[in-house]
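Every value quoted in this text rests on a predicted model; they were computed, and no experiment measured them. Chain letters run A, B, ... following the sequence lines, proteins first and then strands; every chain starts at 1.
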Amino acid sequence: MENLKLTSREENYSEWYNQLVLRAELADYAPVRGCMVVRPYGWALWENIQAALDKRFKETGHVNAAFPMLIPESYMTKEAEHVEGFAPELAVVTHAGGSKLEEPLVLRPTSETIIGTMYAKWIQSYRDLPVLMNQWANVVRWEMRTRLFLRTTEFYWQEGHTAHATYEEAEAETLQMLGVYTDFCHNEAAMPVLPGRKSEREKFAGALATYSIEAMMGDTKALQAGTSHFLGQNFAKAFDIKFLDQNNELQYCWTTSWGVTTRLIGAMVMIHGDDQGLVLPPRLAPIQVVIVPIFRKDSEKEAVLEMVAKVQAGLKEQGIRVHVDDREGLTPGFKYNDWEMKGVPLRIEIGPKDVEKNSLALARRDIPGRDGKSFVPYDGFQKTVADMLVTIQDNMLAKAIAFRDAHIFEVDNYEDFKDVVENKGWAKVWWYEDGENEDKIREETKCKLLNFAETEGEGICFYSGRKTNTQVYFAKTY
RNA sequence: CGGGGUGUGGCGCAGACGGCUAGCGCGCUGCGUUUGGGACGCAGAGGUCGUCGGUUCAAGUCCGACCACCCCGACCA
């Protein structure tokens with residue numbers, strides 16, 4: 001590393017992001033264009049994300065399974081809109097085993113088709129319903145432009161796929177999982193998101209309705225952090241997923257699918273990160289507390305390390321993920337910067353003075369510099385630290401919410417709208433849904449309709465002047 | 001795919017008017033001194049200069065083609 005400091009966010013936001021991801025050792029570029037290697041620290045973060053989500057999926061009655069990565073090309077063409085939506089970004093295997101394949105195989109861009117095929121086989125009766133499955137997998141989409149975590153050719157995600165007997169039940173499932181994502185983002189990732197329905201223009205290829213959670217990044221651009229699709233009977237009809245109901249009548253199932261990806265990591269980087277590096281929410285951080293021992297002479301070393309060991313053991317006992325940085329030959333100052341780059345929520349410094357005073361020096365990652373430092377008594381450190389982690393988690397969410405709310409503006413005319421999305425953040429507007437108008441706005445302002453807000457009452461569409469009872473968010477997006 | 005840029009030790013760069021053992025900073029290895037906000041000294045290791053071809057007594061340097069990657073636009077979780 002030639003430069004000790006990161007490019008600042010103000011100077012060049014996307015350069016800041018790239019350097020941060022690399023230097024925090026979350027990921028690195030792979031030999032194949034657009035592909036990334038998720039490094040152990042990044043993967044540990046992903047594992048914590050997975051664990052928190054998986055727990056919620058299980059609690060809502062879902063089970064995990066694994067479907068194959070290779071899908072017969074013909075499957076992709078069975079659902080008309082689905083074909084169109086994915087055709088340009090498919091990677092296709094044409095040769096294997098030393099010869100040309102009878103039928104090419106696509107690397108899954110998503111698994112509706114293969115899972116639908118299997119569901120058709122497994123579902124016979126209303127007694128088989130609902131089917132509530134999820135899989136943790138990798139998928140491939142040949143994107144034009146890629147960014148580490150935000151858009152890569154191959155990425156990791158979970159995709160839930162469910163089948164139900166009724167419209168109402170499937171719709172309820174779609175909304176339930178949107179709620180699960182929202183809850184996860186707020187309570188685990190300290191990431192405020194706005195849940196809502198996508199416009200017809202933006203919905204998933206083949207869905208009846210798509211819902212999303214939208215998050216505001218540190219540069220006020222929007223990032224779609226997760227989606228939940230109500231697929232209606234479109235895929236059931238395309239893949240023949242049928243069941244006999246109580247009246248012995250054959251019915252098509254109602255299906256859903258929903259997913260979040262490693263993009264969540266990119267979102268966390270951009271929501272919480274600062275010019276010192278990553279800032280991770282305690283609930284998901286691979287390392288929650290790092291201890292930096294400080295000593296000069298051997299005589300000090302022994303006493304310091306003894307205290308370090310006691311603190312480490314005490315925190316471990318509390319279930320806190322703690323790491324002792326015992327690397328030799330590095331100054332404490334170097335280590336502080338190093339762990340700040342990696343976003344560890346809390347640092348404990350233990351040196352001769354602390355041994356002498358029976359105290360600990362704490363430094364909060366969410367409050368940089370002197371303001372985030374405090375000196376606390378050794379006695380009761382387990383509770384002090386545990387409480388501090390909760391405080392940090394809460395503070396991070398509150399800060400992110402305050403930032404987001406300060407950058408959303410309600411406007412009622414196109415001039416103000418343009419000013420807001422160009423210079424200030426997100427626009428919240430009354431909107432009469434119209435795909436053509438949406439296209440025009442997108443062309444003229446380079447910003448997208450994110451989703452529909454929760455709205456009461458009615459107003460006048462800022463663009464068409466028509467009366468409407470829906471409000472939406474528009475913003476520049478990743 | 002259109003526009004722009006870059007390819008030289010692990011990383012960041014210099015060398016470009018052809019010329020002799022290809023440099024510098026960081027990092028890495030060893031030893032010693034250090035250690036409360038990015039330590040220092042000494043000694044080392046590490047490079048077919050993106051690839052192929054051409055010009056020349058001589059190519060990192062000139063010419064051509066190709067490839068890769070990065071940035072900016074149209075598509076997307």
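- Applying the 4.0 Å criterion to OP1 and OP2 of rA39(B), one finds that Thr331(A) has a side-chain N or O inside that range.
- Aromatic ring orientation, Tyr463(A) versus Trp431(A): tilted (interplanar angle from 30° to 60°).
- In this structure, Arg145(A) reaches the rG73(B) phosphate: one of its side-chain N or O atoms is under 4.0 Å from OP1 or OP2.
- Here rU35(B) is the nucleotide among rU35(B), rC75(B), rC72(B) with the atom lying nearest to any side-chain atom of Arg296(A).
- Taking for each of Gly34(A) and Tyr478(A) the nucleotide of RNA chain B with the nearest heavy atom, the 5'-most of the two is the partner of Gly34(A).
- Listed nucleotides: rG36(B), rC76(B), rG37(B). Nearest to the side chain of Ala361(A): rG36(B).
- Across rG41(B) and rG25(B), the matching P atoms stand 11 Å from one another, rounded to whole Å.
- Residues Glu300(A) and Arg296(A) share a closest heavy-atom pair of OE1-N, 2.6 Å.
- Checked against a 6.0 Å centroid threshold, the rings of Phe184(A) and Tyr181(A) do not count as neighbours.
- Contact annotation for Asn12(A): no contact, since no heavy-atom pair falls under 4.0 Å across all strands.
- Nucleotide rC69(B) is matched to rG5(B) when pairs are restricted to Watson-Crick or G-U wobble geometry with both distances under 3.5 angstrom.
- Looking at heavy-atom distances under 4.0 Å, Gln224(A) makes contact with sugar-phosphate atoms alone, never a base.
- Asp338(A) contributes no side-chain N or O that forms a donor-acceptor pair with the base of rG38(B) under 3.5 Å.
- Note on Thr152(A): a base of the nucleic acid sits closer than 4.0 angstrom, heavy atoms only.
- Annotation: rA14(B) and rU8(B) have their C1' atoms spaced 10 Å apart (nearest Å).
- Using a 4.0 Å heavy-atom distance criterion, Lys335(A) is classed as making no nucleic acid contact.
- Legend: residues meeting salt bridge (charged side-chain N to carboxylate O under 4.0 Å, His left out) with Lys55(A), ordered by chain and number and at least two apart, are Glu59(A).
- Contacts of Arg442(A) with the nucleic acid, taken as non-hydrogen atoms under 4.0 Å apart, involve only primed sugar atoms and P, OP1 or OP2.
- Within 3.5 Å, a donor on the side chain of Glu340(A) pairs with an acceptor on the base of rG37(B), or the reverse.
- Contact annotation for Lys373(A): base contact, defined as any heavy-atom pair under 4.0 Å involving a base atom.
- For the P atoms, the distance linking rG44(B) with rG60(B) amounts to 27 Å, nearest Å.
- For the OP1/OP2 pair of rC71(B) and a distance below 4.0 Å, the side-chain nitrogens and oxygens of Asn18(A) include at least one atom meeting the criterion.
- Using cut-offs of 30° and 60° on the angle between ring planes, the pair Phe235(A) and Phe239(A) is parallel.
- In this structure, rC40(B) and rG32(B) make a Watson-Crick or G-U wobble pair, each of the two defining distances being under 3.5 angstrom.
- When the nucleotides rG36(B), rC76(B), rC70(B) are ranked by their closest atom to the side chain of Pro352(A), rG36(B) comes out on top.
- Rounded to a whole angstrom, the distance from the P atom of rU61(B) to that of rG18(B) is 11 Å.
- Nearest heavy-atom pair across Met191(A) and Ala267(A) is CE-CB, 3.7 Å.
- Using a 4.0 Å heavy-atom criterion, one finds that Gly259(A) contacts no nucleic acid atom at all.
- Contacts of Leu223(A) with the nucleic acid, taken as non-hydrogen atoms under 4.0 Å apart, are absent.
- Nearest-nucleotide positions on RNA chain B for Ala363(A) and Gly85(A) put Ala363(A) closer to the 5' end.
- Remark: Tyr41(A) engages no residue in a ring pair (Phe, Tyr, Trp, His ring centres under 6.0 Å) (not counting sequence neighbours).
- Separation of the Phe149(A) and Trp46(A) ring centroids does not fall under the 6.0 Å cut-off.
- Side-chain N/O atoms of Lys448(A) include none lying less than 4.0 angstrom from OP1 or OP2 on rC76(B).
- Taking every side-chain heavy atom of Lys5(A) into account, rG38(B) is the closest of rG36(B), rC72(B), rG38(B).
- Side-chain nitrogen and oxygen atoms of Arg151(A) include none within less than 4.0 Å of the OP1 or OP2 phosphate oxygen of rC76(B).
- Residue Glu143(A) has its side chain nearest to rC76(B) when only rC76(B), rA74(B), rC70(B) are considered.
- Shown for residues 189-213 of chain A: no residue has heavy atoms falling under 4.0 angstrom of RNA chain B.
- Ring planes of Trp339(A) and His323(A): tilted class, angle from 30 to 60°.
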